Amino acid sequence: MSEVFEKVYRIVQSIPRRRVLTYGLISQLMEGKLSPQGVGWALNGLSGRKGASAFDSETVPWHRVINSRGLVSTNRRGDMPPDLQRRLLEDEGVVFDAEERVDLNRFLWKEGLIFDDV
DNA sequence: TCGTTGACTATTT
DNA sequence: GAAATAGCCAACG
């Protein structure tokens with residue numbers, strides 16, 4: 001487990017409730033240390049690895065990470081049910097529109113900036 | 001070491 | 001807005 005990966009997990013863990021983050025933003029927060037695809041790989045590594053390392057799908061809120069279009073990325077693989085991520089986010093108050101998309105203008109989390117709408 | 005693949009993004013048509 | 005293109009980096013065989 002590289003330090004870069006752990007940093008990704010730490011950033012994901014720092015996402016407050018009702019907020020989401022995109023792969024590109026995480027890559028930006030890491031100051032170019034890891035590309036957006038590298039972030040995707042980092043999250044892919046913790047999928048289903050419960051207890052395999054310090055970070056797993058239980059301790060890292062991976063469902064709060066989506067792609068730049070506001071769509072959940074787990075559909076692409078098909079290894080897990082697409083509704084899972086959506087349901088987890090809806091439980092936190094994140095609203096999906098008719099096209100299964102998240103309104104990034106409302107729910108995107110920026111460091112040090114807290115909105116309180118909706 | 002090499003080539004392929006992927007939970008990606010930004011730009012261009 | 002959709003589709004194609006290019007750049008990107010880590011894992012895997």
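Throughout, protein chains are lettered first and strands after them, A, B, ... in sequence-line order, and every chain is numbered starting at 1. These numbers come from a predicted model, not from an experiment.
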Student: Nearest 0.5 Å, please: how far is CZ in F5(A) from CG in L46(A)?
Tutor: 10.0 Å
Student: Should S35(A) be listed as having a side-chain N or O under 4.0 Å from OP1 or OP2 of dC8(B)?
Tutor: no
Student: Closest to the S68(A) side chain: dC8(B), dA10(B), dG6(B)?
Tutor: dA10(B)
Student: One thing to verify: whether R10(A) and E6(A) come together as a salt bridge, which I'm taking to mean a side-chain N less than 4.0 angstrom from a carboxylate O.
Tutor: yes
Student: Output the rounded distance in Å from CH2 (W41(A)) to P (dT9(B)).
Tutor: 16 Å
Student: Rounded off to whole Å, could you give me the CZ-to-P distance for the R69(A) and dA10(B) pair?
Tutor: 11 Å
Student: Taking the side chain of P36(A) as its heavy atoms from C-beta onward, which of dT9(B), dT5(B), dA7(B) lies nearest to it?
Tutor: dT9(B)
Student: Any donor-acceptor pair under 3.5 Å linking the side chain of D56(A) with the backbone of T59(A)?
Tutor: yes
Student: Is any side-chain N or O of T22(A) closer than 4.0 Å to OP1 or OP2 of dC8(B)?
Tutor: no
Student: Separation of I26(A) atom CD1 from dA7(B) atom P, in whole Å?
Tutor: 16 Å
Student: Starting at CG of L43(A) and ending at C1' of dC9(C), how long is that distance when rounded to a whole Å?
Tutor: 14 Å
Student: To the nearest Å, how far apart are Y23(A) OH and dA10(B) C1'?
Tutor: 17 Å
Student: Just by modelled atom types, is the V65(A) backbone N or O under 3.5 Å from a matching donor or acceptor in the Q85(A) side chain?
Tutor: yes
Student: Please determine, for the side chain of F5(A), which listed nucleotide (dA7(B), dA11(C), dC8(C)) has the closest atom?
Tutor: dA11(C)
Student: So if I take every side-chain heavy atom of L34(A) and compare against dC8(B), dA10(C), dA7(B), which nucleotide ends up nearest?
Tutor: dA10(C)
Student: Quickly work out the L71(A) CG to dG1(C) P distance and round it to whole Å.
Tutor: 12 Å
Student: Checking the side chain of R64(A) only, and the main-chain atoms of I15(A) only, is there a donor and an acceptor separated by less than 3.5 Å?
Tutor: yes
Student: Can you check the E100(A) CD to dA7(B) P distance for me, whole Å?
Tutor: 19 Å
Student: Roughly, in whole Å, what's the span from CZ in R86(A) to P in dA7(B)?
Tutor: 21 Å
Student: Looking at the side chain of W62(A), which of dA7(B), dC8(C), dA11(C) is the nearest nucleotide?
Tutor: dA7(B)
